[in-house]
Amino acid sequence: MIVASTIAANRSGGRGGGIDFTPSSNATLKIENSIVAGNLDGGSAPDLAPPLTHSDTLLVRHSLIGDNTGTDLVESQVQDVDGNLIGAPSPGAGIIDPLLLQLGNYGGRIPSRPLDDASPAINRGDLAWSAAFDFDQRGIGFPRLSGGRPDMGASERQAVSLNRFIVNTAEDELNFANDTVSLREAIYSANGSVGTDVITFDPSAFTAPSVIPLSLGQLEITDSLTIEGLGRDSLSIDAQGFSRVIQFLGTRGDLSLSGLTVTGGSTSDSGGGIYFQPLAGTLSLSEMRVAANNAAASGGGIDSLGDTFIDGSEISGNRATAGGGGISATRVTVTSSEIFDNVTTSDGAGGGGIAAETATILDSVLANNSTDAIGAHGGALSVAVADVTGSLIRDNHARVASGGAIASSQSLRLIGTTITGNTSGGDGGGIHATTDGSMAVSMSMSSVSLNTASADGSRGGGIFASGNIVLTDSTLSGNQSLGAGADGGGVFVSTGSVEILRSTVAANTATRAGGGLLVPFNHPSPVTIRNAIFALNSDSGIAPNFRGILNLNDLDVDFSLIDDNTGTALAESQVTSPRGNLIGRPAPSGSGVIDA
């Protein structure tokens with residue numbers, strides 16, 4: 001007899017991937033309130049191989065048989081007189097999918113496969129059988145009957161008592177028989193509960209600072225869940241280097257974490273601290289700390305496929321072999337947070353702090369992140385598209401790659417942001433921006449200062465851009481392109497138009513040419529400088545302020561001060577010219593450099 005059970009996703013090389021009922025003689029197999037589906041065999045009877053002789057009996061009631069191939073069971077896409085759902089492949093109406101969740105911990109001590117919210121097996125069991133069982137497969141805390149009728153299968157889809165979501169012990173235990181509720185037990189209960197649950201912590205059971213040391217492996221979450229801690233300085237979850245800390249295993253759902261420190265995670269895969277990879281869902285962190293986690297792949301702290309929101313949090317000291325030392329995400333928004341001391345270590349592993357397709361950074365600090373290997377661009381941030389507002393990005397390093405602070409491959413917009421003290425071993429000591437469209441960099445009310453591109457032949461101590469660049473109400477100062485043959489101390493633009501509006505480009509240095517700005521001689525796009533100052537920039541003497549614009553038709557300068565016209569086609573004007581410019585020329589060929 002098989003009662004209130006689930007037999008799914010099994011495989012046989014012979015007959016009967018789920019059940020092979022071939023007794024010796026005069027036997028009866030009863031299947032009641034169960035699910036037999038999604039199994040495979042050689043093709044003769046994937047879910048259920050029936051008796052081979054008429055002396056044996058097969059009785060099926062209030063059960064779901066996904067595929068009737070090889071049996072005498074009659075297809076019934078709606079419940080038949082025995083309460084069964086029986087699927088049939090073409091030319092029948094189709095195999096019935098019970099919509100089981102993947103095998104995991106959904107409460108209790110034993111892995112199970114509960115029903116999805118849309119499962120056809122919900123409330124389709126035999127009410128008479130529910131009286132024979134107090135609990136479903138998971139045991140205490142999971143009644144067999146929830147709703148008007150029991151479900152088919154081993155697990156009952158249900159809401160769980162709220163008491164099971166209040167954590168009152170720091171022990172990492174899995175014992176539903178005692179009176180304490182561990183975090184792991186609360187998570188397992190939530191996994192088996194309908195809807196989004198909220199786990200909290202009983203403050204009387206924890207003395208700050210408290211640590212939950214994980215001894216039973218990573219915490220596995222399968223359904224939408226909110227965990228509200230006692231404060232990141234008061235309560236930590238520590239995997240102690242033995243496992244990842246948290247993994248979201250559901251195919252869809254949202255995970256919200258607040259008031260916790262996630263630390264000590266280590267994995268041979270991605271996401272040392274938090275691994276969030278549903279097909280659809282949102283990861284939200286508020287007032288969190290994710291620190292000192294390690295991943296052998298991407299996302300030392302966090303690896304997220306869904307939309308990711310980081311607010312008021314700290315992501316620090318994490319390490320990844322592949323991209324995203326702190327965070328690897330598809331789309332990430334970081335607000336009022338600090339991302340620091342994160343690192344990537346392998347070739348091509350960009351984004352010491354963050355690696356993402358799309359990033360929005362608001363009022364945050366990204367500091368002292370690094371990439372340590374060849375082609376690992378973006379010491380703080382490696383991204384396709386980024387919007388950065390009101391933030392400080394300082395002292396990050398792409399040690400043998402480009403983009404000491406930021407490497408972007410489609411577009412970068414900076415508003416009210418400071419990029420300072422970053423270094424690269426390639427192009428773009430501060431920023432390395434390319435585009436597959438037209439606009440590589442748009443910067444307003446921002447500062448790019450004291451950044452260094454240190455390699456021989458490096459380009460763009462402050463900014464390297466391949467694509468259009470617009471700087472408005474901004475300052476580029478003290479940037480350097482060092483190493484033999486290095487160009488463009490402030491800005492190097494390989495292709496695309498240049499607009500520098502109401503901005504100051506000063507005290508930048510290039511070893512070879514273009515202390516302030518360099519564009520190649522074959523540069524096909526115009527350069528516009530309006531209401532700007534170029535001063536105190538230096539190079540080897542070729543063109544301290546800007547180099548490469550020999551044709552005045554490609555250079556539009558108005559109401560600007562250029563302290564030294566060496567290497568340009570601009571005419572000296574020690575008094576305001578008809579176009580409103582002040583343009584100096586060093587002696588003895590001119591009247592002197594103009595002091596800005």
Side-chain angles (χ1 to χ4, degrees), residues 103-112 114 135-143 155 159-193 196-250 255-267 271-276 285 287-294 301:
L103 186 68
N105 293 298
Y106 299 88
R109 298 186 62 87
I110 301 172
S112 59
F135 308 109
D136 69 11
Q137 172 189 346
R138 295 165 291 184
I140 296 173
F142 296 91
S155 298
V160 176
S161 169
L162 294 180
N163 291 333
R164 302 200 66 82
F165 302 137
I166 302 174
V167 179
N168 57 19
T169 179
E171 295 297 320
D172 185 24
E173 63 178 19
L174 197 57
N175 181 4
F176 287 88
N178 61 23
D179 293 330
T180 60
V181 178
S182 70
L183 176 57
R184 188 177 299 274
E185 289 167 351
I187 289 173
Y188 285 8
S189 295
N191 289 344
S193 180
T196 301
D197 301 299
V198 179
I199 293 175
T200 59
F201 296 80
D202 181 356
S204 67
F206 295 89
T207 301
S210 291
V211 177
I212 297 175
L214 299 185
S215 58
L216 302 178
Q218 67 183 14
L219 299 170
E220 297 179 347
I221 298 168
T222 62
D223 197 6
S224 292
L225 180 63
T226 294
I227 303 178
E228 298 176 352
L230 300 173
R232 67 189 187 194
D233 293 326
S234 298
L235 184 58
S236 300
I237 308 170
D238 188 351
Q240 307 175 91
F242 298 130
S243 69
R244 180 188 287 119
V245 182
I246 295 172
Q247 179 172 4
F248 189 93
L249 291 170
L255 177 60
S256 177
L257 305 173
S258 64
L260 292 165
T261 288
V262 171
T263 189
S266 182
T267 177
I274 301 168
Y275 186 73
F276 183 78
L285 275 67
E287 300 298 328
M288 289 283 293
R289 178 183 293 117
V290 180
N293 302 284
N294 292 276

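Because the structure is a prediction, the values reported are computed rather than measured. Here, residue 1 is the first one in the sequence, and each next residue gets the next number.
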Atom [atom1] in [X], atom [atom2] in [Y]: separation rounded to 0.5 Å?
{"X": "Asn191", "Y": "Ser112", "atom1": "CG", "atom2": "OG", "result": "9.0 Å"}
{"X": "Leu225", "Y": "Ile199", "atom1": "CG", "atom2": "CD1", "result": "4.5 Å"}
{"X": "Ser243", "Y": "Leu219", "atom1": "OG", "atom2": "CG", "result": "7.5 Å"}
{"X": "Asp197", "Y": "Ile187", "atom1": "CG", "atom2": "CD1", "result": "11.5 Å"}
{"X": "Arg289", "Y": "Asp233", "atom1": "CZ", "atom2": "CG", "result": "4.5 Å"}
{"X": "Glu173", "Y": "Glu185", "atom1": "CD", "atom2": "CD", "result": "4.5 Å"}

Are the side chains of [X] and [Y] in touch, meaning some heavy atoms are under 4.5 Å apart?
{"X": "Thr222", "Y": "Tyr106", "answer": "yes"}
{"X": "Leu183", "Y": "Asp172", "answer": "no"}
{"X": "Phe201", "Y": "Ser210", "answer": "no"}
{"X": "Ile212", "Y": "Arg184", "answer": "no"}

**Prompt:** Checking side chain to side chain contact (heavy atoms under 4.5 Å, CB included) for the pair Leu257/Ile274: CA distance, chi angles, key distance, verdict?
**Reply:** CA-CA 10 Å; Leu257 305 173; Ile274 301 168; 3.7 Å; yes
Counting only N and O atoms by type, is there a donor-acceptor contact under 3.5 Å from the side chain of [X] to the main-chain atoms of [Y]?
{"X": "Asn293", "Y": "Gly265", "result": "yes"}
{"X": "Glu228", "Y": "Ser256", "result": "no"}
{"X": "Gln240", "Y": "Gly264", "result": "no"}
{"X": "Thr267", "Y": "Arg244", "result": "no"}
{"X": "Thr263", "Y": "Ala291", "result": "yes"}
{"X": "Thr261", "Y": "Arg232", "result": "yes"}
{"X": "Thr169", "Y": "Glu171", "result": "yes"}

Exercise: identify the closest heavy-atom pair between [X] and [Y]:
{"X": "Val211", "Y": "Ala170", "value": "O-CB, 3.7 Å"}
{"X": "Gln137", "Y": "Ser155", "value": "OE1-OG, 4.1 Å"}
{"X": "Leu230", "Y": "Phe206", "value": "CD1-CB, 3.8 Å"}

**Prompt:** Can you tell me if CG on Asp179 sees more than 12 non-hydrogen neighbours from other groups inside 6.0 Å?
**Reply:** no
**Request:** Kindly indicate, with the supporting measurements, whether the criterion side chain to side chain contact (heavy atoms under 4.5 Å, CB included) is fulfilled by Val181 and Ile166.
**Result:** CA-CA 7 Å; Val181 178; Ile166 302 174; over 6 Å; no
